[in-house]
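What follows is a short report on a single structure.
Residue numbers begin at 1 in each chain, while the letters A, B, ... track the order of the sequences.
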2 protein chains.
Amino acid sequence: MKYNKDTSEKILENAFEEFGENGYSGARMQSIADRAGINKALLHYYYRSKDALFEIVMKKAFQLMVPRLMKTFDSDDSVCDSIEKFVEIYIETIMKHPQIPGFVIHEISTKPDRLVRLIQSTEINFDLLKQKIQNDMDEGKLVKMAPEQLIVNVMALCVFPFMAKPLVTGLLLDGDKKAYKQLIEDRKTEVASFIIRSIKIEESKS
Amino acid sequence: MKYNKDTSEKILENAFEEFGENGYSGARMQSIADRAGINKALLHYYYRSKDALFEIVMKKAFQLMVPRLMKTFDSDDSVCDSIEKFVEIYIETIMKHPQIPGFVIHEISTKPDRLVRLIQSTEINFDLLKQKIQNDMDEGKLVKMAPEQLIVNVMALCVFPFMAKPLVTGLLLDGDKKAYKQLIEDRKTEVASFIIRSIKIEESKS
DNA sequence: TTTTGGTTTAACTATTTGGTTAAAATTAAC
DNA sequence: GTTAATTTTAACCAAATAGTTAAACCAAAA
């Protein structure tokens, strides 16, 4: 079997777009082929089936994100410092690859178990993360709350505005795409500020 | 044309489930018919087409939510008080109808314009909402931030955990569904607390 | 029992979809 | 120009899908 690397990549990129926009069942192999400027037969030559292509695309999407994100919690930084870095990197990454949330959401609906397994196969260790948060709380640096709640809140604040892009743009910003872009750009710092204002216990005066 | 109200409702409920779980393109008319315990021909007799059924179901989903939610911002309450009520009612409503977020997300992907128009046709007035937030900020009750950012944050914190249910359950709670239910139940108060801690400026000592 | 209201059946349709195949065509490398 | 590598074509397939139709059936009401 002979393959061309450029063609292979081009298919993946366009599948990424199609699957991210339409989900697995809504995506069309013909559409992916059209986007990539190839014919459908070549698609099957390279990736065998819709499902196989989807799996590879999903894995690649996560490879874009996880290593950089893990770095932000691997250090001895405080939780607040880690959140600042995490939020900035997360939002930046999704700005570059806005299909990722769509991907995740569609996969949540259709094959949640597969998605959970995929995430678990990455370097993310949620137990360590929870422990780190609990430590900072035990040291009186953070407001007491279930670590899970904090993790959910961070993810919610990072992800949702991307998924809700048309709503945010159409309902809050009069359809102004530049304003949306600015709102997201601002969130790189504003989300972390919002969270830290809520959870950080300032050192008491002694 | 003769219709039975019970049959009509039964179809809607089951369509709600099917569309909420699988999105428009993933949902199957035969599957909806199976769920409702009828045959597919009756489905078309009652609702003509997949698209027509979907529209009616979408509208009904919003009718479940919007009036109660609007009430929380229609009063002279402070923004913080309103957020408390909003979050509680929002989370309660989605706990009763967990398909709604799935619905919204799928519609965002496929027909965002339609969704924006649908929301705009409801009683929600985002300009008034933004104004109310701005007023509380101008009066020094709230931390300065773009009202849009606050609205996005509130929605994110309310909606995301429902959409991410399998991930939250599988990654943070060891697959424990009871723990997930508890986490959501707690959020009725915790989300508002989290937000208010972040935005509320306490009255200074005089 | 008859009539009316509502539902099902069974067979069908046109279209779309993911996938296949071998030969022909095109491009790239030498 | 020749050979190898890659892609396209064109035709096809089976299955699935939303939707259709008229007659038959069943249940409820009179």
message: Can you confirm whether more than 12 heavy atoms, excluding those of K144(B), are under 6.0 Å from its NZ atom?
response: yes
Nearest to side-chain heavy atoms of [X], which nucleotide of [options]:
X: A41(A); options: dT7(C), dT7(D), dT21(C); answer: dT21(C)
X: R28(B); options: dG19(D), dT9(D), dT17(D); answer: dT17(D)
X: K40(B); options: dT8(C), dG18(C), dG19(D); answer: dG19(D)

With distance as the sole criterion, is a donor-acceptor pair present between the side chains of D186(B) and Q182(B) under 3.5 Å?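 Yes, because at least one side-chain N or O of D186(B) sits under 3.5 Å from a partner of the opposite role on Q182(B).
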Between [atom2] on [N] and [atom1] on [X], what's the gap in Å once rounded to a whole number?
X: L43(A); N: dT9(D); atom1: CG; atom2: C1'; answer: 16 Å
X: Y45(B); N: dG19(D); atom1: OH; atom2: C1'; answer: 16 Å
X: Q30(B); N: dA10(C); atom1: CD; atom2: P; answer: 14 Å
X: N22(A); N: dT17(C); atom1: CG; atom2: P; answer: 11 Å
X: N39(B); N: dT21(D); atom1: CG; atom2: C1'; answer: 13 Å
X: L42(A); N: dA24(C); atom1: CG; atom2: C1'; answer: 15 Å

May I ask you to verify whether the side chain of K50(A) and the base of dG19(C) hold a donor-acceptor pair under 3.5 Å? no
Before we go on, tell me: are the rings of Y47(B) and F54(B) under 6.0 Å apart, centre to centre? no
Please confirm whether the backbone N or O of E55(B) pairs with a side-chain atom of R114(B), one donor and one acceptor, at under 3.5 Å?
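No, the answer is negative, given that no donor and acceptor are paired below the 3.5 Å cut-off.
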Would you tell me if any nitrogen or oxygen in the side chain of [X] comes within less than 4.0 Å of OP1 or OP2 on [N]?
X: Y46(A); N: dT7(D); value: yes
X: H44(B); N: dT20(D); value: no
X: T7(B); N: dG6(C); value: no

